[in-house]
Amino acid sequence: MKFLVLGAGKMGYAVAYDLIRGSKVEKVVVADSSTENLKELVKRLPDAKIIPVELDVTNEEELAQLMGEIDVAVSCITYKHNYELAKIALATKTHFVDLGGNEEIVAKEFMLDELAKEQGVTIIPDLGLAPGLVSLLAVSAAESFDEIYDIRLRVGGLPANPDDCFMDYCQVFSIDGLINEYNEDCTVLRDGKIFSVPSLSDNESIEFPRPFGTMEAFNTSGGISTLPQSYLGRVQHLDYKTIRYPGHCDAIHMLKELGMMSKEAVETASGPVVPRDLLFKLLSDKLPKDEPDVVLVRVMVSGLKDKKPVQIVWDCIDYADQAAGLTAMMRMTAFPASIVAQMIARGDITERGVLRQETTVPTKLFLAEMDGRGIRLQMTERAPAHIK
C-alpha cells in the first residue's frame with residue numbers, strides 16, 4: 001500500500017508516524033512546501049518508507065504526478081485546499097481523505113459524488129477528531145438502539161496545565177480553523193428539524209474527573225459534519241459543543257462582538273486593517289505552542305433498547321505521548337484519518353463516491369484499531385437523566 005501525506009506539520013507528522021507502522025504499507029510520500037518541515041519530519045521519523053517531496057499543492061501538474069503513483073492521499077493541510085485536491089484525486093483515480101472542518105468546503109466535495117463513482121474513487125472528508133472520531137462513536141452507540149432520541153457530542157483540546165496559558169488555552173491545532181469554529185454558525189437538529197444557531201451559544205456546564213472538574217461546553221461550527229443529514233427524521237436532538245475551561249467562552253464572545261473575527265477591512269489612522277488577520281496574528285503570538293495538552297471527549301446517545309430508555313456514553317481523556325513526539329490532539333486527529341486511509345487501501349472499504357463516514361466506516365473495526373493505538377475509549381450504558 002502506498003500513501004501520500006500532504007503537509008509535514010503536526011498532523012502530517014502524526015499521520016506519517018502511524019502509516020509507517022502498518023505492516024502492509026510500502027511507501028509514504030510526504031509533500032510540503034517547506035524544506036524545514038520536511039527535514040524535521042525525516043529527522044524525527046528516520047524510516048526508509050518515508051519519501052519527502054518539496055511541493056506546493058497549488059502546482060496541480062506536479063501534484064497529479066505524485067497522486068498517480070499512490071493508492072490513497074491524506075490531506076493534512078488547511079481545509080481551503082481540499083476541494084481542489086479532491087478534484088485532482090479524481091483526475092488521477094486516487095482515493096482521498098482529509099481532516100475537513102469547514103462545512104462549506106465539504107459540501108463542495110460532496111458535489112463530486114457522481115464523478116467519483118464513475119472514476120471508481122473513494123473520497124471521505126472530515127476524518128479527524130471532530131468531525132471524525134466522535135461521529136463514529138455516535139454511530140457505534142446508535143446502532144444498538146431500537147429508537148434514537150438524541151445525540152450530543154462534546155469535545156475539547158486543551159492545555160493539561162492551563163494556569164500559565166492566555167485564556168486557559170494553547171495552540172493545539174490551526175488558529176485559522178479555531179477562529180472559524182468560534183465565528184461561523186452551527187448546524188443542529190432540534191425537535192427533529194435542522195436549524196442553524198450562532199457559535200458560542202448555549203453554554204453549559206459539564207463534569208469530568210479530577211483534575212478537571214466543572215468545565216464549560218458551547219456551540220461551535222464544523223464539528224458535526226454530515227450527521228444532521230444522516231440522522232434527519234431519526235432523532236429529535238443532535239448537537240456538537242466544544243469543551244473549554246470556565247470563562248473561555250465569555251472572553252472569545254467579547255472578541256467576536258467587538259468585530260475581531262470580521263474579514264472586512266476597517267479604516268484606521270495607520271491605514272486599512274482586516275480584524276480577523278490581526279486576531280490571527282495576535283492569537284498566534286500570544287497562545288503557547290508547545291504546552292502538554294489533553295483531549296476530552298464525551299459522546300452521549302439516548303433512546304430505546306428493548307422498550308426501555310437507555311443512554312450510552314463514550315468517554316475519553318487522552319494525554320500527549322511525549323516519547324513519540326505526539327500531542328493528544330495529534331493522536332486523536334491524525335490516527336482516525338490514517339486508519340480509514342488504510343481501510344480503503346486494504347479493501348475494508350470498497351464503496352466508491354464521496355462518502356459520509358458515518359454510513360461507510362466499519363465502526364467495530366475502527367474502534368479496535370483505535371484501541372490498538374492506545375486510545376482508551378470507555379463506553380458506559382445507563383438510564384438517561386432526561387430525554388427530550
Side-chain angles (χ1 to χ4, degrees), residues 100-104 106-107 110 126 128-156 180-208 214-244 249 253 296-316 356-361 363 377-388:
N102 180 273
E103 293 182 12
E104 182 179 346
V106 171
F110 273 97
D126 273 345
L129 167 58
L133 169 62
V134 293
S135 303
L136 297 174
L137 291 177
V139 171
S140 174
E143 287 173 342
S144 66
F145 283 94
D146 302 317
E147 183 179 348
I148 313 166
Y149 292 150
D150 59 54
I151 298 174
R152 302 171 191 268
L153 314 175
R154 307 290 184 262
V155 179
N180 270 350
E181 290 186 4
Y182 289 159
N183 187 50
E184 296 177 353
D185 286 345
C186 317
T187 303
V188 301
L189 278 176
R190 289 181 177 172
D191 297 323
K193 298 177 181 178
I194 294 180
F195 287 93
S196 182
V197 300
S199 58
L200 308 179
S201 61
D202 300 327
N203 199 344
E204 68 184 29
S205 295
I206 183 170
E207 296 291 328
F208 280 87
T214 301
M215 307 291 283
E216 64 181 17
F218 47 88
N219 290 323
T220 56
S221 71
I224 207 165
S225 191
T226 52
L227 280 178
Q229 291 76 30
S230 295
Y231 282 94
L232 183 64
R234 298 175 60 193
V235 302
Q236 290 298 300
H237 185 99
L238 191 158
D239 67 6
Y240 169 85
K241 294 185 179 182
T242 286
I243 300 168
R244 292 288 185 262
C249 183
H253 194 270
L296 306 180
V297 173
R298 180 164 297 156
V299 173
M300 298 164 283
V301 182
S302 300
L304 289 179
K305 290 178 67 175
D306 301 323
K307 299 182 180 180
K308 295 181 180 180
V310 170
Q311 184 179 64
I312 291 178
V313 181
W314 283 102
D315 276 303
C316 183
R356 299 178 185 179
Q357 57 188 286
E358 61 266 20
T359 59
T360 304
V361 177
T363 55
L377 299 161
Q378 183 175 8
M379 191 271 283
T380 305
E381 186 172 311
R382 66 192 185 191
H386 60 85
I387 297 178
K388 293 185 179 179

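Values in this document were obtained by computation on a predicted structure and should not be read as measured data.
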**Prompt:** Taking E204 as the fixed residue, which of K241, R152, R298 is the one that meets the salt bridge (Lys or Arg N to Asp or Glu O under 4.0 Å) rule?
**Reply:**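 Looking at K241, R152, R298, the match for E204 under the salt bridge (Lys or Arg N to Asp or Glu O under 4.0 Å) is K241.
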Would you call [X] and [Y] a side-chain contact if the rule is heavy atoms closer than 4.5 Å?
X	Y	answer
L189	Q236	no
Q311	V301	no
L232	I194	yes
V297	D315	no
S196	D185	yes
F208	M215	yes
H253	Y182	no
L153	L137	no

**Prompt:** Would you call R190 and D150 a salt bridge, taking side-chain N to carboxylate O under 4.0 Å as the test?
**Reply:**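 So R190 does not pair with D150 through a salt bridge.
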Report the distance from atom [atom1] of [X] to atom [atom2] of [Y], rounding to the nearest 0.5 Å.
X	Y	atom1	atom2	result
C249	F218	SG	CZ	4.5 Å
N102	D126	CG	CG	9.0 Å
S230	L238	OG	CG	9.5 Å
H237	Y149	NE2	OH	15.5 Å

**Request:** Dump the intermediate steps for side chain to side chain contact (heavy atoms under 4.5 Å, CB included) on V313 and R382, then the final yes or no.
**Result:** CA-CA 8 Å; V313 181; R382 66 192 185 191; 3.6 Å; yes
**Asked** Within the side chain of D306, is there an N or O that forms a donor-acceptor pair under 3.5 Å with the backbone of K308?
**Response**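 Not at all, since once roles are kept as given, no pair shorter than 3.5 Å links the two residues.
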**Message:** Whether the side chain of Q357 engages the backbone of L136 through a donor-acceptor N/O pair (distance < 3.5 Å, no angle test) should be reported.
**Reply:**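 No, Q357 side chain to L136 backbone: no donor-acceptor pair under 3.5 Å.
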**Request:** Sorted by first residue and then second, give each side chain to side chain donor-acceptor pair (under 3.5 Å) pair with at least one member in residues 134-147; sequence neighbours left out.
**Result:**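 For residues 134-147, and leaving out neighbouring residues, the side chain to side chain donor-acceptor pair (under 3.5 Å) pairs sorted by first residue read E143-T363.
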**Prompt:** Under the side chain to side chain donor-acceptor pair (under 3.5 Å) rule, what pairs show up with a residue in residues 214-223, not counting sequence neighbours?
**Reply:**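 Output for this query lists S201-N219, D202-N219, N203-E216, E207-T214, T220-T242.
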**Prompt:** Can you list the residues that meet the side-chain contact (heavy atoms from CB on, under 4.5 Å) rule with R234, with sequence neighbours excluded?
**Reply:**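 With sequence neighbours excluded, R234 shows a side-chain contact (heavy atoms from CB on, under 4.5 Å) to I148, Y231, given in chain and number order.
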**Prompt:** Under the salt bridge (charged side-chain N to carboxylate O under 4.0 Å, His left out) test, which residues partner K305, sequence neighbours left out?
**Reply:**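 Testing K305 for salt bridge (charged side-chain N to carboxylate O under 4.0 Å, His left out), a comparison that skips the adjacent residues, returns E381.
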**Item:** Counterpart residues, salt bridge (charged side-chain N to carboxylate O under 4.0 Å, His left out), relative to R244 (two or more places apart)
**Value:**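 With sequence neighbours excluded, R244 shows a salt bridge (charged side-chain N to carboxylate O under 4.0 Å, His left out) to no residue whatsoever.
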**Request:** For the pair F145 and I312, evaluate side chain to side chain contact (heavy atoms under 4.5 Å, CB included) and give the outcome as yes or no after the intermediate values.
**Result:** CA-CA 9 Å; F145 283 94; I312 291 178; 3.8 Å; yes
**Request:** Applying side chain to side chain contact (heavy atoms under 4.5 Å, CB included), run through N183 and L200 and close with a yes or a no.
**Result:** CA-CA 8 Å; N183 187 50; L200 308 179; over 6 Å; no
**Request:** Please list, chain by chain and in numerical order, all residues satisfying side-chain hydrogen bond (donor to acceptor under 3.5 Å, both in side chains) with N180, sequence neighbours excluded.
**Result:**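 side-chain hydrogen bond (donor to acceptor under 3.5 Å, both in side chains) list for N180, sorted by chain: Y79, R276.
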**Prompt:** Does the side chain of S199 come under 3.5 Å of the side chain of E181 through a donor N or O and an acceptor N or O?
**Reply:**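 Not at all, the side chains of S199 and E181 share no donor-acceptor pair under 3.5 Å.
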**Stepwise side chain to side chain donor-acceptor pair (under 3.5 Å) check, E103 with S225** = CA-CA 7 Å; E103 293 182 12; S225 191; over 6 Å; no
**Asked** Is the NZ or CZ atom of R154 positioned over Y240's six-membered ring, under 6.0 angstrom from the centre and within 45° of the axis?
**Response**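 So R154 doesn't make the cation-pi contact.
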